[in-house]
Every structure is written in structure tokens, then in C-alpha cells.
Amino acid sequence: MRRIALLLSVFAMNMAAIAVTERSDVLLDTGWVYRPISDPNPTVKEKKVNLPHTWNAQYTKKTKYNRETMVYTRRLAVSDSQLHTQRMFLFFEGVNSVADVFVNRVTAGQHKGGYTAFCMEITDLLKAGDNTIEVWASNAFRTDVLPISGDFNVYGGIHRPVHLITTGRDCISPLFYASPGVLVRQNKVNKELAHLTIETHLSLKSGRSGMTLRATVMNADGKMVAQAEGAAAADVVSLPMVIQKPSLWNGRKNPYLYSVMVELLDGGTVVDELTVETGLRHFSVDKERGFYLNGQQYLLHGFNRHEDVEGKGSALSAEDHERDMKLITETGATFIRLSHYPQSRYFYQLADRDGMVLWSEIPLCGPGGYNFTGYVRNAEENARQVALEMVYQNFNHSSVCFWGIFNEILVNDGRFKAWDDPVPFVKELHQLYKKTDPSRLTTFATCVPQQHYLGCSDLIAWNKYFRRPGNEQSVRKFYEEAHATSGGQPVGISEYGDAGSHNQHYDPRYDKARTHSETYQVITHEGYWHAIKDMEFLWCKCIWQFSDIQSSIRHEGDHDGRNDKGMVTYDRQTKKDIYYFYKAQWNPEPMVYIADRRFTKRSHGVTDVKVFTNQTEATLYVNGKKVAKLKADDMHRIIYKDVQLAEGDNTILVKAGKLTDECMWTLQQ
């Protein structure tokens with residue numbers, strides 16, 4: 001009996017030593033207060049706030065906005081048993097731009113850069129009972145923190161969610177560049193075989209030996225398709241595996257995703273477990289025929305997208321991201337450039353699931369209207385750090401095909417004048433990307449002659465604006481020359497477009513061009529698109545931009561501090577005419593739309609009526625009377641010439657099969 005009791009005691013001690021603790025991930029989105037650090041009054045009233053949050057979504061001065069430091073605080077209750085059995089990590093998805101984190105007034109760490117996640121273990125700083133979490137968030141200008149320039153506002157605050165992650169003593173580490181800790185390396189993928197390596201980063205604190213790691217790949221139906229197991233005897237464990245006849249992630253056509261579950265086992269007991277999603281695909285870019293996905297030509301056309309919503313700045317909710325993705329996919333776009341910084345991890349997930357190809361870049365941004373450069377040597381360390389964080393945090397996202405090195409970094413070439421020469425560092429970043437993730441392609445967005453950057457990346461892309469009626473010839477000539485002089489590197493378009501307020505219009509038949517009007521925006525895009533739409537060699541065609549955004553340096557259109565080149569308005573409530581122009585080009589779902597519909601007050605009795613439709617033909621009616629039935633042109637437009645309006649209200653109606661669209665114009669001569 002004594003021997004049995006001893007065995008039971010040893011068994012109990014062993015089970016206690018394993019100390020199985022289920023991993024948890026809890027959002028810390030409520031219970032926060034904040035105040036300015038500059039206020040010396042110790043009794044200053046703190047404001048209650050939920051996360052995500054930014055303090056300068058609305059600025060009041062024309063050319064300046066708040067760049068300061070705020071202190072965010074909340075309580076965290078921890079039990080005595082938790083302290084003895086669990087490890088605790090604070091995971092921040094993004095704090096703009098520098099975060100100093102304290103637990104019970106002891107430094108937990110600092111992170112520089114507002115657009116990548118970071119994670120800190122706080123286990124040893126906690127006590128049983130109430131604890132104080134304090135974050136000093138600063139968006140003050142610094143030359144050692146990106147961005148140091150750019151045509152967008154740097155919103156300050158904890159502008160993305162915060163999580164409390166708890167694990168047992170041994171776990172899959174959340175500390176490796178704040179990545180999932182599980183990286184799915186796609187060594188070789190085709191329709192017959194997918195050769196993968198599941199790379200897992202571990203943090204083992206118990207001192208126990210003999211643990212194992214098991215990786216299981218499951219298809220979209222939850223069926224296991226591959227499994228591998230190995231000893232968990234190092235900080236990094238790589239498990240190779242092969243999937244027979246994989247279902248490929250094929251963009252908008254079939255965004256197929258697999259689940260990869262990784263389990264850390266002590267004997268037969270799972271002590272930690274993590275599941276990530278990924279899609280299996282292969283891609284390339286040809287100098288003459290552009291982007292190929294899974295061996296087939298796949299046209300990349302879409303938008304640049306900023307995280308910026310009226311009233312919220314960059315503190316977007318999940319619903320904000322979902323709305324943006326829905327608006328983008330409705331156009332028939334296949335591609336999004338995440339300008340000019342890594343964006344919310346939820347948006348990457350949406351892109352995976354909706355089949356949207358992504359260009360993800362670091363915030364190494366050029367002047368964008370400011371009178372200084374976006375690069376000095378003092379920024380290099382932060383650029384390296386942010387590049388590694390962006391790559392590892394988004395490694396498993398099948399949507400990401402391109403890593404961006406910079407946007408509009410200037411060089412000394414006569415027209416432009418730089419500070420430090422950026423070219424050597426651009427080459428260094430290219431090599432860093434290729435060493436870290438050889439499976440993806442590097443690119444950049446330039447506004448200076450491309451010869452300065454030839455050989456600095458896999459691909460080239462241009463930010464080039466031809467903003468006038470009759471721009472088609474200039475656009476065509478420019479890109480044909482860029483293609484011919486690229487030294488064999490594929491060339492794409494990273495930005496093109498024009499401004500357009502949905503409150504401003506004019507009649508091109510009679511009126512002087514109004515450059516920030518919705519009408520002018522459409523005319524610019526029509527000429528540009530007609531020039532490039534059949535240029536197969538352009539590996540991407542990316543519009544600036546998806547939505548209007550705030551930019552304190554802008555004084556134009558009908559809003560100070562607003563860049564109004566978006567396809568939709570800042571509040572996302574109005575789809576501009578140009579949105580429907582591209583929907584007619586890209587989305588095969590039947591549609592018809594009357595342009596200049598918001599040009600409701602007319603002073604000329606004879607006008608043209610422009611319609612966007614992907615149908616073969618459409619019929620126009622004015623005040624119930626048939627005007628004409630015409631066929632659409634090669635840009636899915638129908639322009640009804642010399643349409644007579646009556647004095648007063650006019651009902652404009654267009655029919656294309658069962659589809660109709662209608663608006664009202666009032667003539668006051």
C-alpha cells in the first residue's frame with residue numbers, strides 16, 4: 001500500500017509539473033482612460049475610452065495636427081493561482097508611433113513604429129490582485145521612427161486592438177517579432193504537390209525534456225491531409241510535409257484556405273496549441289505579360305488603401321475593415337496596395353478569404369508635398385525592424401505576393417534634391433526581404449526616373465499622374481518608354497488618378513474645367529484607363545485611391561486637409577462616378593449607371609448624357625420619351641450626344657435589358 005501511495009504521489013507531481021494550461025486570447029478593449037502627458041496637474045481628469053482609439057481623428061488647424069504623447073491606463077486583475085501556473089503576454093496590434101509600456105510602474109518595454117504589432121511578456125511584473133497597465137503613446141515627429149514624411153496624417157494612440165495572451169510554462173512563442181509563432185514556408189507548390197515546412201518558434205520554461213511537436217494540415221472541410229511530428233528540442237522546430245494534389249488559392253476565382261494546427265505535447269498531453277490559415281499557390285511576373293497566378297495570367301487591377309475613416313482616423317473597427325473590403329470587391333478589383341504601411345491583421349485575413357492579391361509595404365515614404373525627404377540614415381534601424389515585423393507577422397497570408405521597399409523616396413537628379421543617398425539602403429532592404437522570405441517578390445513605388453533604382457528590387461512600379469483631358473497619348477508614351485528602358489525588370493503602375501469632389505461638377509461642352517470636380521476626375525481616369533487597359537506588360541494597375549483621406553498639407557477641393565482622389569467619400573457613404581466607371585470595366589455582374597447624376601442644377605438646355613454599363617446596349621429616356629438606343633464602346637460607356645432638357649425638372653432614365661437607373665436634373669436657364 002505504501003508503494004502504491006508513493007507511485008500515486010509521483011504521478012500527481014508529474015501531472016502538476018506538466019501543468020496543462022489552455023491558451024487564451026482576451027481582448028483588452030474596455031476599461032481604458034487617457035490623458036496628455038504634458039499636463040503637469042496630477043489630478044487632471046482622465047477621459048474614458050474604448051480601443052481602438054486615436055486622439056487626433058479630427059484636427060482643427062489647417063496645416064497642423066496633434067503630435068504629442070498621451071498616457072493610456074487600465075487595471076488588470078490577476079489571481080494568485082494564475083501567477084503560479086500561467087505566463088502572460090501583452091500583444092499590441094499597433095500603437096502610433098512609439099509605445100512605452102509599464103506594468104505597476106515598472107518598464108515592460110518599448111516599441112518604435114505604429115503600424116506593426118509587438119508583444120511583451122509581463123508575467124514577472126504582475127502581482128496577485130489589481131495591476132496597472134500603462135502605455136505612453138507618442139506620435140511626435142522623430143527621424144528614427146517611420147514615417148518621417150508622407151501625404152497622410154499620423155494618428156496618435158492605441159489605434160489597433162490589444163490582447164492579453166495566456167499560456168502554460170511551455171508554449172508556442174508569441175514573442176518572435178509578434179508573429180503567430182507558426183510560419184508555413186511554401187518551398188514548392190504546383191497542382192500535383194505542395195512541399196511545405198512548418199516552422200514553429202517555441203518558448204520552453206518548465207525545464208522538462210522529451211516534448212514533441214505535431215503539425216496537422218486540414219482542408220477547408222476539416223479533413224486531415226498531412227501530418228508531421230518531431231522532437232521539441234530547440235527554440236525553432238521545422239517539420240517538412242507534402243500535400244498531394246492540393247487545392248490552390250486562386251485569387252478571386254477560388255480563395256481556398258487550409259488550416260495548420262500545431263500542438264506542443266508532453267507525452268500524450270497537449271500543453272499548447274495554435275492554428276493558422278494559409279492558402280497554397282505559386283506566382284510569378286513576366287516582363288511582357290504581367291502577373292501569373294498558378295501558371296495562368298491573372299490581371300492585377302485595383303486600389304491603394306489607407307486606414308482612415310471620418311471621425312475615427314486610423315482607429316478602425318472590424319466592421320470598418322469589412323465595409324472597405326466589400327466596397328472594393330464589388331468593383332471587381334483583384335489587387336490592393338496597402339499604402340503606405342502594414343495594415344490591420346484582420347484586413348489581411350479578409351484579403352485571404354476574399355481572394356484579393358496584396359502589396360504590403362513599410363512606411364518608408366517620400367515627401368508627398370512636404371519640403372523634405374522620407375529617408376535619412378537615422379531611420380535605417382527602424383526600417384529594418386519594421387520590415388522584419390511586417391514579413392513575419394504576415395508570412396502565412398496567401399494574399400500577400402509583394403513586399404514594398406519604399407514609396408517616392410527622392411534622389412539627386414536635377415529636378416529633385418535628396419538628403420542622404422537612399423540607393424544603398426534600398427538595395428540592403430531588398431536583400432533583407434529576399435533572405436527572410438525568398439518566396440515573394442520585392443517592389444517599390446517611384447516618382448523619380450527609374451534608372452536610379454534599377455537592380456534594387458524584383459519589380460518596378462510608378463506613381464505617375466497625368467491629370468488633364470487629352471492625357472491618353474502622354475500616358476501611353478510614358479509607359480511604353482518605361483517598359484523599354486527597365487533593363488528587363490517588369491514595370492507596373494502603383495498610383496494614378498485625380499481629385500474629385502462629389503459636390504462639384506461642370507459641363508465640358510460649355511464650362512471651363514473644374515479640376516477638383518467629380519466630372520474632371522472621370523475625364524482624367526477615362527483617358528488614363530484607355531491608354532493602359534490593354535498594356536499586358538504592366539504587372540499591376542493601381543488607382544490612387546480607394547477612399548478620400550485626411551492630409552493636413554492639402555488645401556484643395558471643398559475640404560481643407562483632405563485628399564479627395566478617392567473612389568468613395570471619406571465617410572464611405574457616397575460612391576463617386578469613378579467607382580462605377582471601374583465597376584463597369586472589371587465586374588461582369590450586370591450594371592448600368594448614369595454619370596454626373598449629382599450635377600442636378602443645369603444652366604444649358606442641350607447636354608450630353610454619359611452612362612457606364614457592362615451591357616451591350618442601353619436606351620435613354622428623358623421625361624418618359626425615348627431619346628436613343630446605343631451600343632457601349634470599348635470602355636463600357638455610352639454617350640448620348642445633344643440631349644435636349646426641358647425647363648424645370650427632368651427625369652433621366654436609362655434601361656439596359658431589365659436594368660434601370662434614374663436621376664433628376666433641373667434646368668434653370
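What you see is a predicted model; the values in this text were computed from it and never measured.
No hydrogens or angles considered: a donor-acceptor pair under 3.5 Å links the side chains of H530 and D634. A side-chain N or O of D558 and one of S501 form a donor-acceptor pair less than 3.5 Å apart. Between N250 and Y298, the side chains place no donor N or O within less than 3.5 Å of an acceptor N or O (distance only, hydrogens not considered). Between the side chains of N471 and T524, no donor-acceptor pair of N or O atoms lies under 3.5 Å. D308 and N153 form no side-chain donor-acceptor contact under 3.5 Å, judged by distance and modelled atom types alone. In this model, a donor atom of one side chain and an acceptor atom of the other lie less than 3.5 Å apart for D507 and T607. In summary, the side chains of R468 and S474 do present a donor paired with an acceptor at a separation below 3.5 Å, with no hydrogens or angles considered. Side-chain contact, H159 with T54: no donor N or O sits under 3.5 Å from an acceptor N or O. No side-chain donor-acceptor contact under 3.5 Å links R281 and N294. Between the side chains of H282 and Y292, no donor-acceptor pair of N or O atoms lies under 3.5 Å.
The minimum heavy-atom distance linking Q669 with H604 is given by the pair NE2-C, 4.3 Å. E330 approaches N587 most closely through the heavy-atom pair O-ND2, 2.7 Å. The heavy-atom pair separating G279 from L257 by the smallest distance is N-CD2, 3.7 Å. Across every non-hydrogen atom of K533 and M635, the tightest pair is CE-CG, 4.0 Å. When all heavy atoms are compared, the tightest approach of A584 to F612 is CB-CB, 4.2 Å. Of all heavy-atom pairs spanning K575 and Y593, the tightest one is O-OH, 4.3 Å.
Legend: residues meeting ring-ring contact (aromatic ring centres under 6.0 Å, His included) with F599, ordered by chain and number and at least two apart, are H505. Checked against side-chain contact (heavy atoms from CB on, under 4.5 Å), H397 has the following partners two or more places apart in sequence or in another chain: Y348, Q349, D352, N394, S399, V400.
Partner W539 forms a side chain to side chain contact (heavy atoms under 4.5 Å, CB included) with one of I460, D286, I493, L459 and no other, that one being L459. Between H306 and the choices Y155, Y341, F546, the ring-ring contact (aromatic ring centres under 6.0 Å, His included) rule is met once, by Y341.
Looking at P147 and F152, their side chains come closer than 4.5 Å, going by heavy atoms from C-beta outward. The shortest side-chain heavy-atom distance between Y506 and T515 does not fall under the 4.5 Å cut-off. The closest side-chain heavy-atom distance from Q186 to T278 is below 4.5 Å. The side-chain heavy atoms of T651 and M664, taken from C-beta on, include a pair separated by under 4.5 Å. With contacts defined as side-chain heavy-atom distances shorter than 4.5 Å, the pair V285/F402 qualifies. Put simply, the side chain of Q550 reaches to within 4.5 Å of the side chain of Y570, judged on heavy atoms. In this structure, H301 and Y582 have side chains that are not in contact, with every pair of non-hydrogen atoms separated by 4.5 Å or more. Residues E495 and N407 are in side-chain contact: their nearest non-hydrogen atoms beyond the backbone lie under 4.5 Å apart.
Annotation: K326, atom NZ; neighbour count of heavy atoms from other residues, nucleotides and ligands within 6.0 Å does not exceed 12. Atom NZ of K464 sits in a crowded spot, with more than 12 heavy atoms from other residues, nucleotides or ligands closer than 6.0 Å. Atom CD of E662 sits in a crowded spot, with more than 12 heavy atoms from other residues, nucleotides or ligands closer than 6.0 Å. No more than 12 heavy-atom neighbours from other residues, nucleotides or ligands sit within 6.0 angstrom of CD on Q296.
Side-chain N or O atoms of N219 include none that pairs as donor or acceptor with a backbone N or O of Y258 at under 3.5 Å. Looking at Q644, its side chain does come within 3.5 Å of a backbone N or O of G605 through a donor-acceptor pair. Looking at D458, its side chain does come within 3.5 Å of a backbone N or O of T442 through a donor-acceptor pair. In this structure a side-chain-to-backbone donor-acceptor pair under 3.5 Å is missing from Q393 to T116. Under the 3.5 Å distance criterion, the side-chain polar atoms of N614 are matched with a main-chain donor or acceptor of M591. In terms of modelled atom types and a separation under 3.5 Å, the side chain of E518 and the main chain of G500 share no donor-acceptor contact. Using a distance-only test at 3.5 Å, with no hydrogens or angles considered, a donor-acceptor pair links the side chain of N650 to the main chain of G648. In this structure a side-chain-to-backbone donor-acceptor pair under 3.5 Å is missing from Y433 to S457. No donor-acceptor pair closer than 3.5 Å links the side chain of R160 to the backbone N or O of S314. Using a distance-only test at 3.5 Å, with no hydrogens or angles considered, no donor-acceptor pair links the side chain of R353 to the main chain of A351.
Contact check on K576 versus D564 returns no salt bridge, with no Lys/Arg side-chain nitrogen under 4.0 Å from an Asp/Glu carboxylate oxygen. For D534 and R476, the salt-bridge test fails: no basic side-chain N is under 4.0 Å from an acidic carboxylate O. With respect to the salt-bridge test (charged N to carboxylate O, under 4.0 angstrom), the residues K610 and D577 do not qualify. The pair D151-R554 meets the salt-bridge criterion, since a charged nitrogen lies less than 4.0 angstrom from a carboxylate oxygen.
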query: Can you list the steps and then say if V357 with T334 is a side-chain contact (heavy atoms from CB on, under 4.5 Å)?
result: CA-CA 6 Å; V357 174; T334 59; 5.9 Å; no
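The cationic atom of R467 (NZ for Lys, CZ for Arg) lies less than 6.0 Å from the six-membered ring centre of Y465 and within 45° of the ring axis.
Ring pair F347/H321 is tilted by interplanar angle, where 30° to 60° counts as tilted.
Not less than 6.0 angstrom separates the ring centroid of W359 from the ring centroid of F291.
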